[in-house]
Chemist: 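Here's a structure for you.
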Amino acid sequence: MLNEEQLIGNGNGVVDCSRCGEKVSAPCFICVECCGFYLHKTCAEAPLELNHPFHRHHPLLLLQNPPYTFEPGTRNLKELEHVALEDPSFSSKNDGGNLGKCFVCWEPLAMYTYFSLDCGFNLHKKCAELPPKMGHVCHRKHPLLLQFNSERLSCKICQVTPDRGLVYSCSTCNLDIHIDCLSPLPVIEDKSHQHPFTLFWRQIPFICDACGTEGHHVAYACCTCSIMVHKECISLPRIMQHAWHNHRVFHTYFIHKEYFRSLNCIWCYKVVDTEHGSYFCADCNVIFHVNCALKEKEWYCIVTQENEDDKSLDIPVNSITKVLEKNDAGKATLIEHCKHKHYLMLSDKISEHGDKCCDGCLLLISAKFYHCLRCDFFLHKSCAELSKIELIFYHRCDEEHFAGLKPFILTSDCMFECELCTYLSNGFSYKCNELKIPGHKHPLLFYYDYKGQCSGCGTDINKAYRCKDCNFGLCLYCVVRLTRVGHNCDDHPLKLTYHKINDYEKYHYCDICEEKRDPKYWFYHCETCDTSAHVDCVLGKYPLIKLGSTYNERDHPHPLTFAKKFPYYPKCVECGEPCEDLSLECAEPGCNYIVHWKCEK
């Protein structure tokens, strides 16, 4: 057996135990033949057989090698059926890879493992040695018992719900704690911060200086900078490129609010606390909450010292959604674009397309441009690379609610009058992300992650135009509802009505379907005739489809037209049911081809 001086004297200051795989420290055992075989003293003295409270049915045997190869299907799953009685997450229906994992931490087995030959129950040596009961500073009321997380509770410290395995639990207080969370590293160093962070246990919640949200029990503090953070916030990206902004944004623990015209986060529109962490752009005074900036992984990319000069990191910001091919110079030659459904190819052959206009700016194409291989669509290279979102200062719709920069979204396929030059155009434009509608007194802002019900129609939504000041949100369909429509149920135009007209229940019926309607949702109404109707009953399922127009995408030898048919018409060629909804009908005389639109899709 070697002590620390002998271990270092042999020139082997850092070696791994040949059984548990962890770093060896003195005292330890070494092979006298100097073959490189080392053992911790505790590993060398481990008993060959052990009884453990987590598995009272059989003794656990100490094995030299893992009991399984990791190929699925090669082991008897029935051996583990009784384990499922203790942990519902463990099932004999799971894939075979689960059988080569420790039942406590659910990590793959190391070389040295306790294992029951009778039923396949296996544990890491260090997991087998965990105390079945312990007291801890984060929960002083009762002892914590090591057991299966059958209730699937989130960890009291990190707030994450473990998938499976064992946790320390207090059934009296209905709480669970991860095994790893009870023994965090005392000191953590990360290149994102110049000083180390030291562990502090706290009895009361704290506000993380990195992200501005609440933390529990485990806090890491930088005593030099006087900041306290979550463990996971130690390694927050220092610089990132976000899809909602043209420039790179930087993480900071504190900001000087006098430098910002607005402290509203451009993602959620709520005020950012200047006393805690945020992401900001020094060029534009744009600011994000930390959790808003990191909410969607596809919306940002991390900038490191190695890739800080890599301009390809800016791709999520512009409207090129995917680069399919590049030339030798690294230029994108074949792309997908967010405003066109086909691939676009880079070209400089103006002579072949000299009379064509760019579909973005509507000027003649020049220099390098992208063109569609399947239809008459062209974009200047510069127009193809326009940002999907631009931040613009004061504009007309913001007179009463000015709050600095506002996001404008790149749009197309609509006729508009430019606010600056007043020209009419149907090319690319930037549209204010803030919306005003007659049915609500406040402006509406677009939220990508709103979950709730539409205030106009009651449908469940996960994206919405929502009021920042009150509980009002609209789905994308209600935002574009026609305010006046005609219908054969009334001789006058029907007006979109946002609030109930009276409280009498007998008036809360639709005059088209004669079914009851909910008075808190929008409806169409004629004031002259007192006609009221559901929005869908007036507009139908396909209000923007022109019946009789031609459809050319189907693999059929003749032109097809949109039609609205009835039950006695011919049956759909795809599903065999009568075409009583929107359908595609062959325009060729004598051809009886007809197909449901839903079957065509």
Side-chain angles (χ1 to χ4, degrees), residues 397 400-401 414-417 431-432 434-447 450-549 562-569 578-583 596-598:
C397 74
E400 297 179 2
H401 299 273
C414 65
M415 183 71 73
F416 69 95
E417 180 182 303
K431 184 178 181 180
C432 179
E434 186 171 276
L435 177 72
K436 287 186 178 180
I437 63 165
H440 194 70
K441 61 183 178 179
H442 302 136
L444 304 181
L445 299 165
F446 187 68
Y447 287 75
Y450 173 77
K451 303 227 180 263
Q453 286 189 327
C454 174
S455 301
C457 64
T459 57
D460 293 331
I461 48 179
N462 53 20
K463 294 180 176 65
Y465 276 93
R466 182 169 173 264
C467 179
K468 179 183 175 183
D469 301 316
C470 54
N471 188 25
F472 183 88
L474 293 179
C475 68
L476 303 186
Y477 294 107
C478 285
V479 167
V480 296
R481 294 285 188 214
L482 299 172
T483 56
R484 284 182 174 272
V485 295
H487 194 272
N488 56 15
C489 71
D490 198 283
D491 295 332
H492 309 101
L494 300 177
K495 181 181 179 182
L496 186 61
T497 306
Y498 309 98
H499 309 286
K500 62 183 179 181
I501 298 173
N502 57 60
D503 293 323
Y504 294 106
E505 188 174 354
K506 68 177 182 178
Y507 291 101
H508 300 159
Y509 282 84
C510 172
D511 289 312
I512 296 178
C513 70
E514 299 182 351
E515 297 289 336
K516 194 170 183 178
R517 61 177 179 81
D518 194 328
K520 70 174 176 283
Y521 297 131
W522 295 359
F523 61 99
Y524 281 105
H525 181 71
C526 173
E527 295 181 354
T528 305
C529 305
D530 199 23
T531 300
S532 298
H534 292 122
V535 169
D536 288 342
C537 288
V538 173
L539 299 178
K541 290 175 62 177
Y542 306 99
L544 302 180
I545 298 294
K546 182 181 179 181
L547 298 180
S549 59
F562 285 102
K564 190 74 175 291
K565 297 301 181 182
F566 299 95
Y568 55 85
Y569 271 73
C579 291
E580 53 185 334
D581 200 354
L582 185 67
S583 306
H596 285 123
W597 171 248
K598 63 182 179 182

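Computed over heavy atoms, backbone and side chain alike; hydrogens, waters and symmetry mates excluded. Numbering starts at 1 and runs along the sequence shown.
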Chemist: So, do Tyr447 and Lys468 sit near enough that their side-chain heavy atoms are less than 4.5 Å apart?
Modeler: yes
Chemist: Which heavy atom of Cys579 sits nearest to which heavy atom of His596, and what is that distance?
Modeler: CA-NE2, 3.3 Å
Chemist: Identify, with sequence neighbours excluded, every residue that meets salt bridge (Lys or Arg N to Asp or Glu O under 4.0 Å) alongside Asp518.
Modeler: Lys520
Chemist: First locate atom SG of Cys529, then atom CG of Leu494, and finally report the distance between them rounded to the nearest 0.5 Å.
Modeler: 9.0 Å
Chemist: Does some side-chain heavy atom of Tyr524 sit less than 4.5 Å from a side-chain heavy atom of Thr497?
Modeler: no
Chemist: Please report the shortest heavy-atom distance between Ala533 and Cys510, naming the atom on each side.
Modeler: CA-SG, 3.7 Å
Chemist: Considering non-hydrogen atoms only, spot the tightest contact between Thr531 and Cys489 and give its length.
Modeler: CG2-SG, 4.1 Å
Chemist: Mind listing the closest non-hydrogen atom pair of His525 and Ser532 along with its distance?
Modeler: ND1-OG, 2.9 Å
Chemist: Aromatic rings His440 and Phe472: how do their planes relate, parallel, tilted or perpendicular, breaks at 30° and 60°?
Modeler: parallel
Chemist: For the NZ atom of Lys598 and the CG atom of Leu582, what is their distance to the nearest 0.5 Å?
Modeler: 11.0 Å
Chemist: Hey, does Leu539 have a side-chain heavy atom less than 4.5 Å from the side chain of Arg481?
Modeler: yes
Chemist: List the atom of Gln453, the atom of Gly458, and the distance in Å for their closest heavy-atom pair.
Modeler: NE2-O, 3.6 Å
Chemist: Nearest heavy-atom pair of Asn471 and Ser455: which atoms, and what distance?
Modeler: O-OG, 4.2 Å
Chemist: Nearest 0.5 Å please: distance from the CD atom of Glu527 over to the NZ atom of Lys495.
Modeler: 5.5 Å
Chemist: CZ/Phe562 to OG/Ser583 distance, rounded to the nearest 0.5 angstrom?
Modeler: 10.5 Å
Chemist: Tell me, do Asp511 and Asp490 make a side-chain contact under 4.5 Å, heavy atoms counted?
Modeler: no
Chemist: Are Ile512 and His487 side-chain neighbours, meaning at least one heavy-atom pair lies under 4.5 Å?
Modeler: yes
Chemist: Honestly, is Arg466 close enough over Tyr450, meaning NZ or CZ under 6.0 Å from the six-membered ring centre and within 45° of the axis?
Modeler: no
Chemist: Enter the distance from Arg517:CZ to Tyr509:OH here, rounded to the nearest 0.5 Å.
Modeler: 11.0 Å
Chemist: Got a second to check how far Tyr477's OH is from Cys457's SG, nearest 0.5 Å?
Modeler: 10.0 Å
